[in-house]
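Below: one structure, written as structure tokens.
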Amino acid sequence: MAATLMDGKALAQTVRAEVARDVAALGVPVGLATVLVGEDPASAIYVRMKREACAEAGIESIHHELPASTPEADMLALVEDLNADPRVTGILTQLPLPEQIDEDHVINAIDPMKDVDGFHPANAGFLFQGRPTLVAATPSGVMEILRAYDVELEGARAVVIGRSNIVGKPMALLLLAEHATVTIAHSRTRDLAEVAREADVLVAAVGRADTVTAAMVKPGATVIDVGINRVDGKVRGDAADDVREVAGLLTPVPGGVGPMTIAALLRNTVRAARYQSGELAFPLA
Ligand code: NAD
């Protein structure tokens, strides 16, 4: 039987409406600063979508565009200004950055309370400790999809393919926090197919089309396809087409994880504003 597709687009609309209500009820201004460096077309599209989502939710969007040649010192100076600006309650620096700018230096410079991407070591560390603060948007959005479709996680076998700091690792920690038995697979994993086939919940975050094929999926498993790959002018995920014939639930690409990433970013932006207003206590403050 063909998999049921998990409609991230519809769910994201519901979340975005909820965020708009939260913003209106908050009583303090919410402002997201976005910083785009250089002219990478995919990055420009992502930033535009995030800004549009902010506008729709009543969040002020404060946008900065810098040339690709920007020295690291200028980028860090801008982050310091944004940290100090009370209008700015959230900061997002779109990755990747040009090679002369060390991404870690920039991430570490962002005030952890304004770190809506959840990439700062303080926020990553709180997630590691099991007391999440601002959590990376993509894995957060995935958890919201899993909840919306009542996917049982307690005691389930979960396999995450990919170990990046922004998707794979936080994804694994969030699944662990819901009491799944979690395996992280990666480029050096031996016999990926055998590992993947054990999963009740399989998350693919690799960035290569057709990484996950039907033969790697346990019949009836939930498959979350995080991958975004451009193949012959089309956007495709990491899962091959035949995965639909085996999975029980599957996120489509596009229309699955992508829209929920933006929705989760908006949730983080509201949470960051609550930290700054004092409504929520930030553990480091
Ligand atoms: P990344 O390149 O940092 O990490 C990829 C991971 O895949 C690595 O940990 C690597 O070990 C693993 N890998 C590579 N080849 C492999 C193989 N043959 N077998 C098993 N594992 C392998 O990428 P990332 O930033 O984590 O993103 C992963 C994918 O998710 C990309 O396609 C990216 O575009 C997409 N993404 C989507 C969203 C969204 O909103 N939908 C958000 C972020 C990233």
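Excluded from the calculations below are hydrogen atoms, water molecules and symmetry mates; all remaining heavy atoms, backbone and side chain alike, are included. One-based numbering, in listed order, for ligands and for the atoms of each. Predicted model, so just to flag it, every value in this text is computed and none were measured.
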Number the atoms of ligand 1 from 1 as they appear, then name those within less than 4.0 Å of a heavy atom of [X], with their elements.
{"X": "Ile166", "value": "25 (O)"}
{"X": "Val257", "value": "41 (N)"}
{"X": "Val167", "value": "26 (O), 43 (C), 44 (C)"}
{"X": "Arg208", "value": "18 (N)"}
{"X": "Thr261", "value": "39 (C), 40 (O)"}
{"X": "Gly258", "value": "40 (O), 41 (N)"}

Heavy-atom contact check, 4.0 Å cutoff: does Gly168 meet ligand 1?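 No, Gly168 has no heavy atoms under 4.0 Å from ligand 1.
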Within less than 4.0 angstrom of ligand 1, does Ala205 place any heavy atom? yes
Please work out whether any backbone atom (N, CA, C, O) or any side-chain heavy atom from C-beta onward of [X] is under 4.0 Å from ligand 1, and answer side chain, backbone, both or neither.
{"X": "Thr189", "value": "neither"}
{"X": "Arg188", "value": "neither"}
{"X": "Ile161", "value": "side chain"}
{"X": "Ile228", "value": "both"}
{"X": "Thr138", "value": "side chain"}
{"X": "Thr211", "value": "neither"}

Quick one: CE on Met260 to CG on Leu11, what's the gap to the nearest 0.5 Å? 4.0 Å
Say you draw a straight line from OG of Ser140 to CD1 of Ile145; how long is it, rounded to the nearest 0.5 Å?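 Going from OG on Ser140 over to CD1 on Ile145, the span is 11.0 Å.
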Using heavy-atom distances, let me know which of [options] sits nearest [atom].
{"atom": "atom 10 (C) of ligand 1", "options": "Ala42, Gly256, Ser187", "result": "Ser187"}
{"atom": "atom 35 (C) of ligand 1", "options": "Val212, Val226, Val142", "result": "Val226"}
{"atom": "atom 13 (N) of ligand 1", "options": "Val160, Val206, Leu192", "result": "Val206"}

Look only at the side chain of [X] and the backbone of [Y], and say whether a donor-acceptor pair between them is shorter than 3.5 Å.
{"X": "Asp115", "Y": "Ile110", "result": "no"}
{"X": "Thr269", "Y": "Leu265", "result": "yes"}
{"X": "Thr251", "Y": "Asp225", "result": "yes"}
{"X": "Asp200", "Y": "Ala156", "result": "no"}
{"X": "Asn123", "Y": "Pro112", "result": "yes"}

Would you mind checking which non-hydrogen protein atom is closest to [atom], with the distance to 0.1 Å?
{"atom": "atom 8 (C) of ligand 1", "value": "Arg163 N, 4.0 Å"}
{"atom": "atom 29 (C) of ligand 1", "value": "Gly207 N, 3.7 Å"}
{"atom": "atom 26 (O) of ligand 1", "value": "Ser164 OG, 2.5 Å"}

Heavy-atom pair of closest approach, residues Val159 and Val195: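 Reported closest heavy-atom pair: CG2-O, 3.6 Å.
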Do you know which two heavy atoms are closest between Val217 and Arg197, and how far apart they sit?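 Closest pair (atom of Val217, atom of Arg197, distance): N-CG, 4.0 Å.
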Taking only Lys NZ, Arg NE, NH1 and NH2, and the carboxylate oxygens of Asp or Glu, determine whether Glu56 and Arg16 approach each other closer than 4.0 Å.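 Salt bridge between Glu56 and Arg16, a charged N being under 4.0 Å from a carboxylate O: yes.
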Could Arg147 and Glu178 be called an ion pair, given the rule that one side-chain N must be under 4.0 Å from one carboxylate O?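 Here Arg147 does not pair with Glu178 in a salt bridge, since their nearest N and O are not under 4.0 Å apart.
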If hydrophobic clusters are built from ILVMFWY residues whose side chains come within less than 4.5 Å, do Val15 and Val151 share one?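 Yes, it is one cluster - the side chains of Val15 and Val151 are joined through contacts under 4.5 Å.
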